[in-house]
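Order of the sequence lines sets the chain letters (A, B, ...), proteins ahead of strands, with each chain counted from 1.
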Amino acid sequence: MLDLKFVRENMDLVEGALRRRRTAVDLSGFEELDRARRETLASVEKLRAERNAASEEIGRLRRENKDASALMERMKEVSAAIREGEEGLPGIERRMEEVLLSLPNLPDPSVPDGQGEEDNPTVRTWGDPPAFSFPVRDHVDIGTELDILDFDRGAKIAGARFCLLKGAGALMERALINLMLDVHTREHGYTEVLPPFLANTASFIGTGQLPKFEEDLFRVAGTDYYLVPTAEVPVTNVVRDEILPADTLPRKMTAYTPCFRAEAGSHGKDVRGMIRQHQFNKVELVKICRPEESMAELESLTADAEKILIRLSLPYRVVTLCTAELGFSAAKTYDIEVWLPSQGRYREISSCSNFTDFQARRAKIRFRDGAKGKVRLAHTLNGSGLAVGRTVVAILENFQQEDGSVLIPEALRPYMGGMERIGPA
RNA sequence: GGAGGGAUGGCCGAGUGGCUUAAGGCGGCGGUCUUGAAAACCGCUGAAGCGCGAGCUUCCGUAGGUUCAAAUCCUACUCCCUCCGCCA
């Protein structure tokens, strides 16, 4: 959510910044609502001040056993006038709230303009795509033949876009989760949390998925619960409605959760394999920090995620999302893309974003600046560290051998009971 | 699921209709004292909205209601605690 005062005073700037995101907004109606609200508020508050003064007077008169009935009678009218004046206010405020909640974050000035994926500049590249002396197969063929991925059974149990992992496949998924959590907690200073996998409406509004993107979520029928689409939701909301001591910042948390995505609009994209599923595992990194530090924290958070790929010897590149690709709540995002031999290109495996004060304002995440300082909105960040299912895909494809087996990256072997290779069943 | 008890500022906690513009404490900040610190003492210290400003208004879990006036009374809901039941 953008700051009301800022929007009011910088309408043109806001409209211009959102045009950079290819989001057309017309704020003229909002301007009118804002004016009406302030006029109403001014007159109602004046009446309330009158009533408060009279109430005090009535209290005084009654204590002195004097007659207050005339004043009480007059206040009846004032109270009626207040009620009447207030009448339109909830409606106006609700409509303003709707507008504010529907406006995406403003892109950071460093974010390049662009129309689509092809306009995301590459920041850096690590590792070399492996060369193969045999025909490359994709993870579906490799995994099915090794009997570690079973898409047919996944579909039988749940439906399309679900997968069953078996044997060394299930073990690898679990091993990756442990490796990632260990690296982030022991080497990068994050505190591990294991949050609820369902969260309520208030939490989803806090991080920006609601009210706008309900169709992307699975809701538990008859309840106020949604399945989390990312640990970002429960973990960022750990500090919702709190005022944090400044010396506890930056607060760094990491969490494993399964992620559930309905993604109504995504049909037809990545229909094959484990790239795009209704359920997948992810280890998430979340930071709450001072505004001055958030851009530097974004750099280090991205580096923390990259570290996992380096450990696993998976070639990747980092791109900056251009204005058109930026997510709703983000001011700046780096995507980390891993090399997928079967597709001959890099595919997203992590998305690291600085949300500036956008989520903090919605979720009331604040800190006290200095011992007697002002209360200020914090900045929030998060990034995948990493998407586990896609990491399995990348390992199967990058480490595939001519005989159909898959070498296990050395860093992962201790987490898989010393297993060095997944051989044919 | 049943019965009871609760929800008040960063934290704890008093407060059953009008001198509550929320007592008191803790914590924090400033000061006195001290070589320095601690202790002691003194002072300051909730959040948000509106207004150029003096200032005004709102907020005591949430939403309604009663009243000239609500932290306080009424209704519904949410969450927490204790006990019982069920259960991994």
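- If you take CZ of A:Phe367 and C1' of B:rA47, they are 16 Å apart, rounded to a whole angstrom.
- The A:Lys76 side chain lies nearest to B:rC68 when the options are B:rC50, B:rC68, B:rU57.
- For A:Arg38 and B:rG51, the shortest distance from a side-chain N or O to OP1 or OP2 is below 4.0 Å.
- Taking atom CD1 of A:Ile243 as the reference point, atom C1' of B:rG27 lies 14 Å away to the nearest angstrom.
- If you measure from atom CD1 of A:Ile365 to atom P of B:rA48, you get 15 Å, rounded to the nearest angstrom.
- Of the C1' atoms belonging to B:rG65 and B:rA47, the separation is 27 Å, rounded to the nearest Å.
- Using a 4.0 Å heavy-atom distance criterion, A:Met72 is classed as a base contact.
- If A:Arg366 and A:Gly59 are placed on RNA chain B by their nearest nucleotide, the residue sitting closer to the 5' end is A:Gly59.
- As judged by a 4.0 angstrom heavy-atom cut-off over every strand, A:Ile58 is placed among the base-contacting residues.
- To the nearest whole angstrom, the two C1' atoms, one in B:rC59 and one in B:rA7, are 15 Å apart.
- The CG atom of A:Leu71 sits 18 Å away from the P atom of B:rU67 (whole-angstrom rounding).
- Environment of CD in A:Glu242: crowded, with over 12 heavy atoms of neighbouring residues, nucleotides or ligands closer than 6.0 Å.
- Of the P atoms belonging to B:rG28 and B:rC77, the separation is 43 Å, rounded to the nearest Å.
- As the counterpart of B:rA39, no nucleotide is assigned, since no Watson-Crick or G-U wobble pattern has both distances under 3.5 Å.
- Between B:rG5 and B:rG49, the distance separating the two C1' atoms is 36 Å to the nearest Å.
- Distances shown here put every side-chain N or O of A:Asn52 at or beyond 4.0 Å from the OP1 or OP2 atom of B:rC56.
- The pairing partner recorded for B:rG9 is none, the criterion being a Watson-Crick or G-U wobble arrangement whose two distances lie under 3.5 angstrom.
- Close to B:rU78, at under 4.0 Å from its OP1 or OP2, lies no side-chain N or O of A:Asn200.
- Within the nucleic acid shown, A:Arg51 comes within 4.0 Å of sugar-phosphate atoms alone, with no base atom in reach, counting heavy atoms only.
- For the pair A:Pro112 and A:Thr320, the tightest heavy-atom approach, listed with the atom from each and the gap, is CD-CG2, 3.8 Å.
- For A:Arg62, whose side chain is taken as the heavy atoms from C-beta onward, the closest listed nucleotide among B:rG18, B:rC79, B:rU57 is B:rG18.
- Side-chain N/O atoms of A:Ser79 include one lying less than 4.0 angstrom from OP1 or OP2 on B:rA69.
- The distance between the ring centers of A:His278 and A:Phe218 falls below 6.0 angstrom.
- Side chain of A:Glu337 to main chain of A:Arg347: no donor-acceptor pair is present (N/O by atom type, distance under 3.5 Å, no hydrogens or angles).
- Across B:rG64 and B:rC11, the matching C1' atoms stand 31 Å from one another, rounded to whole Å.
- At a threshold of 4.0 angstrom between heavy atoms, the contacts of A:Arg8 are confined to the sugar-phosphate backbone, with no base atom among them.
- Pair assignment for B:rU72: none, as no Watson-Crick or G-U wobble contacts are both less than 3.5 Å.
- Within 6.0 Å of CD on A:Glu84 lie no more than 12 heavy atoms contributed by other residues, nucleotides or ligands.
- Rounded to whole Å, the separation between the P atoms of B:rG6 and B:rG55 comes to 40 Å.
- As judged by a 4.0 angstrom heavy-atom cut-off over every strand, A:Arg60 is placed among residues making no nucleic acid contact.
- The base of B:rG49 lies close enough to the side chain of A:Glu45 for a donor and an acceptor atom to sit less than 3.5 Å apart.
- Nucleotide B:rC77 is matched to B:rG61 when pairs are restricted to Watson-Crick or G-U wobble geometry with both distances under 3.5 angstrom.
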List the steps and the verdict of side-chain hydrogen bond (donor to acceptor under 3.5 Å, both in side chains) for A:Glu284 and A:Tyr256.
-> CA-CA 6 Å; A:Glu284 187 75 359; A:Tyr256 153 73; over 6 Å; no
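- The same atom, C1', is picked in B:rC73 and in B:rC68; the two are 16 Å apart, to the nearest Å.
- Listed pair A:Arg48 / B:rG49 fails the phosphate criterion, with no side-chain N or O lying under 4.0 Å from OP1 or OP2.
- Nearest-nucleotide positions on RNA chain B for A:Glu50 and A:Ala42 put A:Ala42 closer to the 5' end.
- Atom CG of A:Asn382 and atom CD of A:Glu232 lie 4.0 Å apart (nearest 0.5 Å).
- In this structure B:rG27 sits in a base pair with B:rU45, meeting the Watson-Crick or G-U test at under 3.5 Å.
- Among the heavy atoms of the strands, none lies under 4.0 Å from A:Lys364.
- Using Watson-Crick or G-U wobble geometry with both donor-acceptor distances under 3.5 Å, B:rG1 finds its partner in B:rC84.
- In this structure, B:rC50 and B:rG55 make a Watson-Crick or G-U wobble pair, each of the two defining distances being under 3.5 angstrom.
- Ring geometry for A:Phe204 versus A:Tyr226: interplanar angle of 30 to 60°, hence tilted.
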